[in-house]
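What follows is a single structure, written as structure tokens, with notes after it.
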Amino acid sequence: MMKKILIKLIGFYRRYISPLKKPCCRFYPTCSQYALEAIEKYGALKGTFLAIKRILRCNPFFEGGYDPVK
């Protein structure tokens, strides 16, 4: 149940909020795509934890690049 809600929230963000911002993600796949994959693979709790860790790394102090869900 929670997994579906989180996926819908990320979908809402990707459809309505993300297009309003300029592209600025330092990683591939993007943070929202990473969050979707992490939640689908590991479930709501661990997937959300991994997504938050990834978002916290999305700053000028980290190099970025290819970072798949492990």
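FYI, side chains are in, hydrogens and waters are out, and symmetry mates aren't considered; it's all heavy atoms of this structure.
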How close do Ala44 and Lys3 get, heavy atom to heavy atom, and via which atoms?
CB-N, 4.0 Å
Between Arg54 and Asp67 (side chain of the first, backbone of the second, donor and acceptor by atom type, cut-off under 3.5 Å), is there such a pair?
yes
Is the shortest heavy-atom distance from the side chain of Ile55 to the side chain of Tyr34 under 4.5 Å?
no
What do you reckon, is OH of Tyr13 surrounded by more than 12 foreign heavy atoms closer than 6.0 Å?
yes
With rounding to the nearest 0.5 angstrom, report the NZ to CG distance, Lys41 to Leu50.
9.5 Å
Give a yes or no on this: more than 12 heavy atoms of other residues, nucleotides or ligands lie within 6.0 Å of atom CG of Leu45.
no
Is the closest side-chain heavy-atom distance between Leu36 and Arg14 below 4.5 Å?
yes
Output for pair (Glu37 CD, Ile10 CD1), nearest 0.5 Å, gives 10.5 Å
Please tell me if the side chains of Phe27 and Arg57 come closer than 4.5 Å, counting only heavy atoms from C-beta onward.
yes
How many angstroms lie between atom OG of Ser32 and atom CD1 of Ile17, to the nearest 0.5 angstrom?
11.0 Å
Could Arg26 and Phe62 be counted as a cation-pi pair, given that NZ or CZ must be under 6.0 Å from the ring centre and within 45° of the axis?
no
Could you grab the distance from atom CD1 of Ile7 to atom CD1 of Ile39, nearest 0.5 Å is fine?
6.5 Å
